[in-house]
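Note on naming: letters A, B, ... go to the chains in the order of the sequence lines (proteins, then strands), and numbering restarts at 1 for each one.
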Amino acid sequence: MTAPTLPPHSSSDTPAPATDARADTGTPADPEASVSSLGRILHTQVISWYDANARDLPWRRPDAGAWGVMVSEFMLQQTPVSRVLPVYEQWLERWPRPADLAKEAPGEAVRAWGRLGYPRRALRLHGAAVAITERHGGDVPTEHAQLLALPGIGEYTAAAVASFAYGQRHAVLDTNVRRVLARAVTGVQYPPNATTAAERRLARALLPEDARTAARWAAASMELGALVCTAKNEACGRCPIAEHCAWRLAGKPPHEGPPRRGQTYAGTDRQVRGKLLAVLREAHAPVPQAVLDRVWHEPVQRARALDGLVADGLVEPLPGGLYRLPLT
DNA sequence: CATCCGTGGCG
DNA sequence: TCGCCAAGGAT
């Protein structure tokens with residue numbers, strides 16, 4: 001319900017949306033021009049909708065700060081909001097600044113991560129906190145390139161932090177925005193499996209000129225994908241741009257092309273790694289291998305999973321067949 | 001570019 | 001019950 005505010009800090013390090021590459025060809029009918037005018041409608045409608053319907057999430061509060069935004073982005077990588085909320089609160093309470101986390105053993109980050117999944121993210125967030133403390137004086141850097149250089153931060157997260165925390169103008173292309181653009185503009189049900197150059201181009205072409213508006217558009221289009229234009233059971237009845245949606249206007253044609261690859265889990269190394277790490281998270285003293293052996297019956301896969309955890313730095317082997325979360 | 005990397009809720 | 005999906009990144 002709140003209208004989240006953004007710090008006034010702004011900059012336009014992203015190239016302007018372009019008179020665009022095709023400007024010199026003198027193409028008579030002008031597809032980009034129509035994208036542009038459509039863009040303004042989308043911005044207006046979606047941002048208004050956002051102002052009235054945005055969830056009041058803690059990392060959107062003005063006092064969250066760049067560190068809060070960054071922590072939330074790490075946790076939200078492939079994990080739903082509802083499960084992130086409690087861990088986020090504990091995390092910020094315990095480590096209110098990057099330097100506070102940097103002082104801790106990495107294993108403490110892994111333990112506090114709990115069952116959010118993909119625990120390497122916890123390790124990378126710890127690594128990012130260390131780098132921020134060492135290289136940036138303890139403040140989350142403001143530049144996209146500096147953010148991108150931190151462990152665990154890729155194109156999406158760098159753009160998200162720069163946009164949400166610092167109000168900068170970046171194309172923030174997450175799975176929600178990709179789906180919204182695929183439907184509203186491209187007219188297909190789902191975006192491609194991997195992000196394409198065409199999607200980046202479209203997102204950049206649709207970016208409002210003004211940094212502040214661009215940041216708002218980024219948050220708003222993402223929220224629309226999360227709450228209304230969902231992967232399944234989309235709620236077009238509540239969509240502010242339903243009348244302009246190419247996919248809906250085309251009669252919602254079903255997805256064509258390669259099926260979107262599912263993620264099998266049962267019986268995989270990931271499941272075994274998860275079980276091993278769960279034991280180590282609960283333990284507050286080194287755990288004998290014999291105890292770990294009980295989580296999985298098959299010895300070859302069990303050993304491979306444990307080796308993998310050690311190789312990833314998520315588990316520290318000690319002399320005498322003991323294991324614990326990493327102290328260093 | 002395809003794979004790997006956790007976990008839990010929901011239809 | 002079980003497949004699908006959830007604010008990706010690294011290799």
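No contact: A:S82 has no heavy atom under 4.0 Å from any strand. Counting any heavy atom pair closer than 4.0 Å across all strands shown, A:R179 reaches sugar-phosphate atoms only and no base atom. Within the nucleic acid shown, A:A160 has no heavy atom closer than 4.0 Å to any nucleic acid atom. Within 4.0 Å (heavy atoms only), A:R281 reaches sugar-phosphate atoms of the nucleic acid but no base atom. Using a 4.0 Å heavy-atom distance criterion, A:R115 is classed as a sugar-phosphate-only contact. Within the 4.0 angstrom heavy-atom criterion, base atoms lie near A:Y265. Among the atoms of the strands shown, only primed sugar atoms or phosphate atoms (P, OP1, OP2) are found under 4.0 Å from some heavy atom of A:G154. If you check every strand for non-hydrogen atoms under 4.0 Å, A:L277 touches nothing. Looking at heavy-atom distances under 4.0 Å, A:D312 makes no contact with the nucleic acid at all. Across all strands shown, A:W113 has no heavy atoms under 4.0 Å from either base or sugar-phosphate atoms.
Proximity note for A:E73 (side chain, C-beta onward) versus C:dA7, C:dA6, B:dC5: the nearest is C:dA7. Side chain of A:Y190, nearest nucleotide from C:dC5, C:dA7, B:dG6: C:dC5. Each of C:dG8, B:dT7, C:dA6 was ranked by its minimum atom distance to the side chain of A:Q78; first place goes to C:dG8.
Atom pair A:L148:CG and C:dG8:C1' shows a separation of 13 Å (rounding to whole Å applied). Atom pair A:E234:CD and C:dC4:P shows a separation of 17 Å (rounding to whole Å applied). Straight-line distance from the CE atom of A:M75 to the C1' atom of C:dG9: 17 Å, rounded to whole Å. Distance A:D269 CG to B:dT3 C1': 12 Å, rounded to the nearest Å. Taking atom CZ of A:R60 as the reference point, atom P of C:dA7 lies 11 Å away to the nearest angstrom. In this structure, A:L125 atom CG and C:dA7 atom P are separated by 19 Å, rounded to whole Å. The distance from atom CZ of A:R124 to atom C1' of B:dG6 is 13 Å, rounded to the nearest whole Å. We find that CG of A:D307 is positioned 13 Å from P of B:dC5, with the value rounded to whole Å.
Taking a cutoff of 4.0 Å between a charged side-chain nitrogen and a carboxylate oxygen, A:R304 and A:D307 do not qualify as a salt bridge. Between A:D51 and A:R216 there is a salt bridge, since a side-chain N of the basic residue sits under 4.0 Å from a carboxylate O of the acidic one. Taking a cutoff of 4.0 Å between a charged side-chain nitrogen and a carboxylate oxygen, A:D293 and A:R302 qualify as a salt bridge.
Between C:dT11 and A:R120, no contact under 4.0 Å exists linking OP1 or OP2 to a side-chain N or O. For A:R273, a side-chain nitrogen or oxygen approaches OP1 or OP2 of B:dG6 to under 4.0 Å. OP1 or OP2 of C:dG9 sits under 4.0 Å from a side-chain N or O of A:T157.
Closest-nucleotide positions on DNA chain B for A:N233 and A:K275 were compared, and the one nearer the 5' end corresponds to A:K275. Taking the nucleotide of DNA chain B with the nearest heavy atom to each of A:N193 and A:L314, the more 5' of the two is matched to A:N193. Nearer the 5' end of DNA chain C, as judged by each residue's closest nucleotide, is the contact made by A:E223, out of A:G152 and A:E223.
With hydrogens and angles left out, the side chain of A:T79 and the base of B:dG6 share a donor-acceptor pair within 3.5 Å. No hydrogens or angles were tested; on distance alone, nothing pairs the side chain of A:R270 with the base of B:dT7 as donor and acceptor under 3.5 Å.
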Check step by step if salt bridge (Lys or Arg N to Asp or Glu O under 4.0 Å) holds for A:E243 and A:R248. CA-CA 8 Å; A:E243 296 88 285; A:R248 194 188 66 85; 5.3 Å; no
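For the P atom pair drawn from B:dC10 and C:dA7, the interatomic distance equals 15 Å after rounding to whole Å. Nucleotides C:dA6 and B:dG6 are separated by 12 Å at their C1' atoms, to the nearest Å.
A ring-centre distance under 6.0 Å is not found for A:W67 and A:W95.
Residues A:V291 and A:V279 are in side-chain contact: their nearest non-hydrogen atoms beyond the backbone lie under 4.5 Å apart.
If you check the side chains of A:Q77 and A:Y156, you find no donor sitting under 3.5 Å from an acceptor.
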